Amino acid sequence: MTFSGDRQKSGRNSLCACGSGKRYKHCCGGHDDHRDRGRGVPPGAFGSAKAALHELMQSALTAQQENDLEDAERLYRLALDLSPENADVLHMLGVVHFSKGELQLAESLIAAAEALSKGSIPSISHNLALVRESAIVARDAKLIESLLDASENQSAPASAGICIQEQSIRLIAFYLPQFHRIPENDRWWGEGFTEWVNVKKARQNFEGHYQPHEAGELGYYDLNDEGVLIRQAELAKEYGISGFCFYYYWFSGRRLLEMPTDRLLRSGQPDFPYCLCWANENWSRNWDGGNREILVEQRYSPEDAEKFILSVIPHFRDSRYIRVNSRPLLMVYRMDQIPDPISTITIWRTVCWRNNIEPPYVVAASTFGNKMFLREGGADAVYEFPPHGATVSFPLRGRLKALHPEAKGHFVSYLQCIAKFLAKSNPDYPFFPGIIPSWDNTARRQNDGLCMLDSSPAAFELWLRELVYRASLKPVADERIIFINAWNEWAEGCHIEPDKRYGRAWLEACRNARLIPKGYRTIFEPGC
């Protein structure tokens with residue numbers, strides 16, 4: 001949510017806004033403590049109407065920043081009494097009602113603000129669009145909730161006679177290889193660092209918060225044990241997962257976390273389909289894909305493009321490697337970061353032809369607001385990558401009990417996430433849907449992460465079954481692919497392999513989602 005203006009909290013030692021020349025704490029601020037500055041004080045006490053309005057707005061914003069929405073609303077309404085046709089006041093009051101989940105009232109107030117400003121304030125127009133989008137998503141989320149409440153939609157029908165077992169769909173789960181030590185991680189994060197270090201240290205930020213996530217039957221494994229990946233593949237195959245997509249970290253010839261895929265290629269084990277996703281972003285200390293405190297920088301050049309594709313061609317030759325229309329599947333996480341993606345992909349294709357192998361079927365991730373699709377990037381297809389594209393739900397914060405005061409992160413409703421992704425219009429280019437079982441990166445960003453609320457294996461199964469049904473309608477069988485984020489992103493609260501809380505429930509949901517009841521009706525048509 002964007003606020004208009006450039007407001008800061010009022011300082012108690014600054015001059016009072018009423019124009020008295022006194023310091024704030026000795027004037028209007030003396031009526032209450034710092035949390036109640038100006039609250040409940042008659043407007044006349046501030047001097048001029050202009051000063052009174054300024055003070056009320058400052059006090060209301062302070063209350064809003066402290067999540068005291070009731071008092072923020074009261075103060076903005078006092079400001080509205082002083083200036084009934086003030087676009088800024090109407091806008092901010094609408095933002096408060098949006099944060100309280102009162103979407104209809106929020107829309108009317110912000111729409112009035114936009115009319116008064118004649119669309120000249122971008123933050124008002126942005127927030128109006130956000131409120132309207134949220135209203136649509138909230139409406140669709142109610143449908144998801146009603147389906148979950150109906151017992152026949154919570155699990156696959158017991159009788160196989162009334163189901164179609166959809167086996168043509170490929171469910172590919174992203175796989176994080178950061179569960180073994182490497183010298184770089186020892187140096188950057190401390191001796192013995194693996195992903196489990198972050199996972200174990202996570203702490204609850206509110207009552208009922210599922211943290212830390214605890215490993216299930218596979219334990220806190222070490223990928224140096226070659227039996228781990230074999231066991232994971234067996235488990236995945238048992239529950240209908242079609243293959244793993246391993247993150248591939250390559251930086252101008254330097255590779256990181258390469259041991260599991262090198263061993264996979266060398267040993268031929270496990271006998272399980274796989275592909276690679278080039279995780280082509282800088283490695284940095286802030287864990288969020290940004291550029292601060294860069295540890296390993298990703299660079300690009302024509303020479304690098306050739307070296308990169310040569311490094312993955314041995315995988316392309318492997319019989320287990322996943323293909324689309326006879327071409328090896330290559331995922332790219334940040335296509336928008338490649339300066340000249342069309343030239344890069346052209347080099348990849350040329351090098352492959354030169355080495356007597358089909359050129360890769362390049363699929364670009366829809367991440368970080370990336371709008372670079374086929375025309376601009378030269379990729380063959382795009383894949384959806386939730387939680388990228390999910391909408392933050394401001395009212396969720398207000399419902400949490402015992403929220404830690406230092407927790408400044410954002411919250412997403414899982415049911416609204418389902419509704420938003422399923423309601424998207426079908427794009428006019430080749431496209432693969434993505435799905436997520438849950439998301440909570442508290443383990444990486446304790447106080448300022450993104451947390452999904454109300455996720456469950458039942459909701460995940462309902463979402464996945466709808467995606468399986470839609471994918472089954474694609475005319476080309478090789479393009480019936482769904483990407484699951486992820487098999488084992490433990491520090492992001494995003495894994496379908498067993499944990500202590502749910503056991504194998506996420507895997508069971510994957511298997512059940514392939515069972516489509518005869519006469520199945522889509523939840524709602526995309527784009528409606």
Side-chain angles (χ1 to χ4, degrees), residues 173-205 209-233 235-236 244-251 253-267 269-270 274 276-277 279 281-298 333 406 438-451 485-501:
F174 286 97
Y175 188 105
L176 180 71
Q178 191 159 230
F179 294 91
H180 64 96
R181 289 179 58 178
I182 62 174
E184 291 87 348
N185 276 339
D186 281 348
R187 183 167 65 254
W188 295 328
W189 307 105
E191 195 75 15
F193 179 86
T194 71
E195 194 78 354
W196 296 123
V197 171
N198 284 335
V199 173
K200 292 177 181 179
K201 72 180 182 183
R203 296 294 177 265
Q204 290 187 334
N205 279 335
H209 189 191
Y210 175 29
Q211 284 295 348
H213 285 221
E214 296 181 284
E217 63 187 81
L218 297 175
Y220 295 99
Y221 51 79
D222 183 341
L223 289 179
N224 281 302
D225 177 357
E226 60 182 339
V228 170
L229 184 55
I230 293 173
R231 176 64 183 127
Q232 288 171 320
L235 197 58
F244 290 146
C245 182
F246 291 91
Y247 286 113
Y248 187 73
Y249 301 95
W250 189 95
F251 305 85
R254 179 181 182 181
R255 294 188 300 155
L256 296 173
L257 300 173
E258 73 281 2
M259 182 275 291
T261 49
D262 279 0
R263 187 181 60 204
L264 171 72
L265 185 63
R266 182 178 63 253
S267 70
Q269 295 296 323
Y274 77 98
L276 301 177
C277 176
E281 61 181 357
N282 297 330
W283 267 30
S284 61
R285 288 192 180 276
N286 55 350
W287 291 105
D288 65 353
N291 290 320
R292 293 173 295 173
E293 300 185 73
I294 294 175
L295 301 172
V296 183
E297 184 178 6
Q298 187 64 257
Y333 185 58
E406 294 183 4
S438 57
W439 181 273
D440 181 2
N441 58 357
T442 297
R444 289 186 173 178
R445 306 176 62 87
Q446 178 66 50
N447 293 319
D448 64 347
L450 180 70
C451 177
N485 183 22
W487 176 263
N488 62 343
E489 283 278 11
W490 285 84
E492 293 179 337
C494 174
H495 48 84
I496 58 173
E497 67 179 357
D499 65 350
K500 273 194 176 181
R501 171 172 284 199

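None of the values given here were measured: they were computed from a predicted structure. Throughout, numbering of the chain's residues begins at 1 and tracks the sequence.
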Which residues share a salt bridge (Lys or Arg N to Asp or Glu O under 4.0 Å) with R255, sequence neighbours left out: D262

Qualifying residues under ring pair (Phe, Tyr, Trp, His ring centres under 6.0 Å), relative to Y210, sequence neighbours excluded: H213

Which residues share a salt bridge (Lys or Arg N to Asp or Glu O under 4.0 Å) with E258, sequence neighbours left out: none

Salt bridge (Lys or Arg N to Asp or Glu O under 4.0 Å) partners of D448, counting only residues at least two apart: R445

Pairing residues for K200 by the side chain to side chain donor-acceptor pair (under 3.5 Å) criterion, not counting sequence neighbours: none

With sequence neighbours excluded, residues passing side chain to side chain donor-acceptor pair (under 3.5 Å) with N205: Q446

Listed partners of H180 passing ring pair (Phe, Tyr, Trp, His ring centres under 6.0 Å), at least two apart: none

side-chain contact (heavy atoms from CB on, under 4.5 Å) partners for V296, two or more places apart: W188, F251, R254, L256, W283

Those residues that, when tested against E497, pass side chain to side chain donor-acceptor pair (under 3.5 Å) (two or more places apart): Y221, Q232, W487, W490

Any donor-acceptor pair under 3.5 Å from Q204 side chain to H209 backbone: yes

By side chain to side chain donor-acceptor pair (under 3.5 Å) - contacts of N447 (at least two apart): none

Partners meeting salt bridge (Lys or Arg N to Asp or Glu O under 4.0 Å) with D186 (sequence neighbours left out): R181

Ring pair (Phe, Tyr, Trp, His ring centres under 6.0 Å) against F174, all qualifying residues, sequence neighbours excluded: Y247, Y383, F385, F483

